[in-house]
Amino acid sequence: MPLTVGTKAPDFTLKSKSSGELKDVTLSANFGKKNTVLLFFPLAFTGVCTQELCDISSGLGSYTSVNADVIAVSVDSPFAQEAWAKKENITLTLASDLNKATAKAYDVIFPGLPDRRHRGACGLRDRQRGCHSVCGADRDTQRPAELRTG
């Protein structure tokens, strides 16, 4: 069942690799600090995903203007994600969900995709309560839901 607007967003800890350093990415690191947009995409090094993440990378300023951090999640290893980001100049945070636990928690796994990969977008709003709640989600496209201020 998809997460509904107002639901507390499930926390996660995923691995990310950039500049040769492996690090943890957690949703709770943004609690009380900023909004978060999660983008779930099937695979690095594919035409559609590359175009979409390049477009989002080039438009990161629009997310910054609403105090939002963008985290893109796939089943790729952090090492593959880093190589892809370097090759395609993708500048947003990429996080590895190898066991698909985060995708399952957000209900973005589609049985029709090969290997039950995930795809979708979820906008999370920090309500200054030490947690994030879902403010919008789109399971059918990679486009993140609009974050509204106020």
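What's counted below: heavy atoms across the whole structure, side chains too, no hydrogens, waters or symmetry copies. As the structure is a prediction and not an experimental result, all values here were calculated from the model. Starting from 1, each residue takes its place in the sequence as its number.
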For this session: Give a yes or no on whether the backbone of K34 and the side-chain of D69 come within a donor-acceptor separation of less than 3.5 Å.
Result: no
For this session: To the nearest 0.5 angstrom, please state how far the CZ atom of F40 sits from the CG atom of D97.
Result: 7.0 Å
For this session: Compare every heavy atom of F45 with every heavy atom of A83, then report the nearest pair and how far apart it is.
Result: C-CZ, 3.9 Å
Exercise. Does Y106 reach the main-chain N or O of P10 with its side chain, forming a donor-acceptor pair under 3.5 Å?
Worked result: yes
Exercise. Distance from F31 atom CZ to T26 atom OG1, nearest 0.5 Å?
Worked result: 8.0 Å
Exercise. Where the side chain of N67 meets the backbone of K33, is there a donor-acceptor pair that is under 3.5 Å apart?
Worked result: yes
Would you list the atom pairs, donor with acceptor, under 3.5 Å between side chains in residues 14-21 and any protein atom, with sequence neighbours excluded?
{"unit_1": "K15", "atom_1": "NZ", "unit_2": "D24", "atom_2": "OD1", "d": "2.6"}
{"unit_1": "S16", "atom_1": "OG", "unit_2": "L94", "atom_2": "O", "d": "2.6"}
{"unit_1": "K17", "atom_1": "NZ", "unit_2": "E82", "atom_2": "OE1", "d": "2.6"}

Exercise. Is there a donor-acceptor pair closer than 3.5 Å between any side-chain N or O of S74 and the backbone N or O of F41?
Worked result: no
Exercise. When rounded to the nearest 0.5 angstrom, what distance separates CG in L92 from CD1 in I56?
Worked result: 6.5 Å
Exercise. What are the two closest non-hydrogen atoms of L60 and T91, and how far apart are they?
Worked result: CD1-OG1, 3.6 Å
Exercise. When W84 is tested against each of I90, T46, L43 for side chain to side chain contact (heavy atoms under 4.5 Å, CB included), which residue passes?
Worked result: I90
Problem set entry | Minimal non-hydrogen separation, S96 against D76, with atom names | OG-O, 2.7 Å
Exercise. Residues in side-chain contact (heavy atoms from CB on, under 4.5 Å) with K104, at least two apart?
Worked result: K100, I109
Problem set entry | Straight-line distance of N89 CG to L53 CG, nearest 0.5 Å | 12.0 Å
Problem set entry | Atom of L98, atom of S77 and distance for their closest heavy-atom approach | CD2-N, 3.9 Å
Exercise. Sub-3.5 Å donor-acceptor pair from the side chain of T50 to the main-chain atoms of G47, do we have one?
Worked result: no
Exercise. Does N30 reach the main-chain N or O of T36 with its side chain, forming a donor-acceptor pair under 3.5 Å?
Worked result: no
